[in-house]
Amino acid sequence: MNSEKIENLLNLALDATERERQKSLELNVGYNEADRTWEVIVKFGGTTEQLRELLQGNFPEQYERIRITNLQNEYAILLLPESIVQAVAGLPEIEYMEKPKSLFFAVDSGRRASCITPLQIGGSSDLTGTGCIVAVIDSGIDYAHPDFRNADGTTRILALWDQTIPAGSVEALGAPEGFYLGTEFSREVINRALEQPTEQQRFAVCPSRDISGHGTHVAGIAAGNGRASEGKYRGVAFGSDLLIVKLGTPQEGGFPRTSELMQAVDFCYRKAEGYGKPVILNLSFGNNYGGHAGTSLIETYLNDMANLWKSTIVIGSGNEGAAAVHTSGTVTMGQMTAVELAVSQYEPTLNLQIWKSYADEMAVSIVHPNGTIIGPIRRIQGTQRFTAGNTEILLYYGEPSPYSPYQEIFMDFLPANDYVDAGIWEIRLVPQRIVTGRYDMWLPAGGVLNAGTGFLYPIEETTLTIPSTAAKVITVGAYDARFNQPAAFSGRGYTRETNQVKPDIAAPGVEITSCAPGGGYTSRTGTSMATPFVSGGAALMMEWGIVRGNDAYLYGEKLKAYLIRGARRDINLARGAAGGTVWPNPQLGWGTLCVADSLPG
């Protein structure tokens, strides 16, 4: 039985068979087959003790298998036996429940272009981020890299939480207080590791590694001090302290989850408040699941957290601008709309979301490449199953939730054998009763689909990844500062239905040189590289305002407003952007980052 307090995707996942979940890209995320448990995100307006008493009182026989992480601002992460997930959602005290989603990296000479150099050219007014914390939530960090160490060789990292290292696997260390995931390494432990004579001995003390190098690169742009390059590749806020969270759970061998991101954000806020220092959170992950209107629990959670402490949250807009994973249009009475989707050879699985106004009624049909027509599909809530050729389709007609007034139709394409049938699929929308007629469709983000899979007529607008669609974060797009051109890959706005200006601002994101594991440097491209320029710039502004006493409230929405005011609006750059020379526009937002012009005075 489906619950209206459970999101559509989790309802479908609970209805699906184990075989269907295993073949799906999204349905198995958060499920542990060995333990038959689900990790879920809930909205709950009480204390940890109240949540513990609630679950223990209602599920005494299952309570030993339940894990609880109660986050700030009425959110919690629960690990529940599969048999009680729906019953937990049915408790009056539980307001809403979602499953976690996979997150993907946004990766595909910016200091001068971002007007940072004038603030660091010598004299007593130099801004370095001193007194501020830059929190990088990513793939980890090479903590031994010289750019993250002080002149005496000690670490600049206040704490490193590696979610992939099981608690208790390293002597005398465990998960952070209030969490059950991973292992926290303090500054003292990292310094002890750095004192070891060999790499093997160092990693015996602190075994956290950045395998992909993504987090190391991002941290270097935001806050590297350039010691390994004699200052040549110095980052923006090179005098700041660092908090590092390595996301992910290795037993799944896949991508980190939104539930892990939420815990990481909570951890960074707790640490920053404990140190009494303003904090900038840098997030370079995203996904495509959701209505792109800022209404999912991860987005509302970030909005709520943005109201806590002296903080600024900065998120990349993703790299889906030219990826053919989004399309949209308007259905009008008396005319069928056909959306064509190309599926390349050897595609193991894919899913498709349709988002529309709940007031609109339209019949949906699916046409297989061989001409077989499925539908019109009945408009009933719950899971429906269809087979065409060698492909099974799970379809879920959703209802509006307490947090979203929009309707979702979710389709999961699963192979009967190894691969989804290749060719041109068609999604037909036949109007029945139309009020607005607007629809949007998304495929998965993050480059998980094969080349050649995508909409034949994609729409580049509204290709922002979630959670960059959250209202109270600073959303960053990318441009190529070398040639003063927009970056075709950069995720574009605005948000669906709510029509918020996103991205807020753009920063250099093409061929950016920064730190690499092992002590050297490398170049990378993506909105992941643009985001830390803004994070570092925010640290400089918060140092000027909060640390130096010029403006005690220079954080959050106020800091965003200052960045917007100081942004450069180059007409030549805008001519190549989506939206043209109008400011703001969907590709560059309010303009390009200029920190020097964003400070008052």
Side-chain angles (χ1 to χ4, degrees), residues 1-2 6-31 33 82 86 99 101-102 288-289 324-325 327 331 336-356 361-399 407-430 432 439-444 448-456:
M1 180 179 178
N2 295 314
I6 295 178
E7 69 159 347
N8 301 329
L9 196 61
L10 179 53
N11 270 320
L12 176 58
L14 293 171
D15 284 346
T17 65
E18 288 197 16
R19 176 191 171 278
E20 289 168 340
R21 287 201 296 257
Q22 288 170 354
K23 284 184 172 287
S24 172
L25 183 66
E26 190 62 63
L27 295 182
N28 223 32
V29 177
Y31 180 63
E33 186 176 350
E82 185 176 27
Q86 290 180 318
K99 70 184 291 299
K101 286 83 179 176
S102 294
N288 249 357
Y289 181 77
V325 294
T327 193
V331 175
M336 180 193 76
T337 296
V339 176
E340 293 179 309
L341 168 66
V343 177
S344 67
Q345 297 284 340
Y346 311 116
E347 195 69 75
T349 183
L350 76 150
N351 58 66
L352 182 150
Q353 310 159 59
I354 304 173
W355 287 86
K356 67 180 189 68
E361 295 181 17
M362 54 185 77
V364 178
S365 298
I366 305 169
V367 184
H368 187 276
N370 66 13
T372 301
I373 300 175
I374 300 171
I377 296 165
R378 292 180 299 162
R379 184 187 173 188
I380 57 173
Q381 187 180 14
T383 304
Q384 300 181 59
R385 290 176 171 84
F386 309 95
T387 300
N390 291 309
T391 301
E392 178 187 0
I393 299 172
L394 292 186
L395 185 142
Y396 194 95
Y397 250 104
E399 294 287 312
Q407 183 172 40
E408 172 199 12
I409 304 168
F410 181 85
M411 304 177 189
D412 216 344
F413 293 74
L414 308 175
N417 298 311
D418 296 320
Y419 303 107
V420 175
D421 292 331
I424 305 300
W425 291 73
E426 192 174 281
I427 311 299
R428 293 179 179 174
L429 305 177
V430 180
Q432 296 173 327
Y439 68 87
D440 285 86
M441 298 185 188
W442 283 278
L443 297 170
V448 296
L449 301 178
N450 294 334
T453 295
F455 294 112
L456 289 191

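On a predicted model such as this, the values are computed, not experimentally measured, just so you know. In this chain, residues are counted from 1 in sequence order.
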- Task: Check whether any side-chain heavy atom of L341 lies under 4.5 Å from a side-chain heavy atom of L443, and answer yes or no.
- Result: yes
- side-chain hydrogen bond (donor to acceptor under 3.5 Å, both in side chains) filter on E347, not counting sequence neighbours, yields T453
- Please tell me if the side chains of P415 and V420 come closer than 4.5 Å, counting only heavy atoms from C-beta onward. yes
- How far does OH of Y396 sit from CG of L10, to the nearest 0.5 angstrom? 9.0 Å
- Message: Which residue is it: E408, E361, Q407? I am looking for the one with a side chain to side chain donor-acceptor pair (under 3.5 Å) to K356.
- Response: Q407
- Note on the structure: Nearest heavy-atom contact between E7 and Y289 is OE1-CE2, 3.8 Å
- Starting from the C-alpha separation in whole Å, work towards a yes-or-no answer on side chain to side chain contact (heavy atoms under 4.5 Å, CB included) for F413 and V343. CA-CA 11 Å; F413 293 74; V343 177; over 6 Å; no
- Nearest atoms (heavy-atom pairs only) where A16 meets E20: CA-OE1, 3.3 Å
- All heavy atoms of G452 vs all of S344, minimum pair found to be C-CB, 4.1 Å
- Task: Output, in order, the C-alpha distance, side-chain angles, deciding distance and verdict of side chain to side chain contact (heavy atoms under 4.5 Å, CB included) for R19 and E392.
- Result: CA-CA 12 Å; R19 176 191 171 278; E392 178 187 0; 3.5 Å; yes
- Note on the structure: Nearest heavy-atom contact between S365 and G375 is OG-C, 3.8 Å
- Task: May I ask you to test the I354-M411 pair for a side-chain heavy-atom distance under 4.5 Å?
- Result: yes
- With sequence neighbours excluded, what pairs up with Y419 under the ring-ring contact (aromatic ring centres under 6.0 Å, His included) test? Y346
- Message: Which heavy atom of R385 sits nearest to which heavy atom of T383, and what is that distance?
- Response: NH1-CG2, 3.8 Å
- Query: Can you name the salt bridge (Lys or Arg N to Asp or Glu O under 4.0 Å) partners of E426, sequence neighbours left out?
  - Reply: R428
- Task: Give a yes or no answer on whether the side chain of K23 reaches the backbone of N417 with a donor-acceptor pair at less than 3.5 Å.
- Result: yes
- Task: List the steps, then state whether side chain to side chain contact (heavy atoms under 4.5 Å, CB included) holds for V29 with K99.
- Result: CA-CA 8 Å; V29 177; K99 70 184 291 299; 3.6 Å; yes
- Query: Q353 side chain to N288 main-chain N or O, any donor-acceptor pair under 3.5 Å?
  - Reply: yes
- With a 4.5 Å heavy-atom cut-off, do T349 and D412 have their side chains touching? yes
- Query: So, D440 side chain and W355 main chain: donor-acceptor pair closer than 3.5 Å or not?
  - Reply: no
- Item | Rounded distance (nearest 0.5 Å) linking atom CD1 of I427 with atom CZ of F455 | 8.0 Å
- Message: With a 4.5 Å cut-off on side-chain heavy atoms, are I393 and W425 touching?
- Response: yes
- Please confirm whether the backbone N or O of N390 pairs with a side-chain atom of D421, one donor and one acceptor, at under 3.5 Å? yes
- Query: Going from OH on Y397 to CD1 on I380, what distance comes out if it is rounded to the nearest 0.5 angstrom?
  - Reply: 10.0 Å
- Rounded distance [0.5 Å steps], CG in L9 versus CG in N351: 8.0 Å
- Could you state the interatomic distance from CD (Q384) to CZ (R378), rounded to the nearest 0.5 Å? 5.5 Å
- Item | Minimum heavy-atom distance T372-A388, with the two atoms named | CG2-CB, 4.5 Å
- Looking at CG of L394 and CG of L27, how far apart are the two atoms once the value is rounded to the nearest 0.5 Å? 6.5 Å
- Looking at side-chain heavy atoms only, is the closest gap between I366 and F386 below 4.5 Å? no
- Residues E33 and R21 bridged, charged N to O under 4.0 Å: no
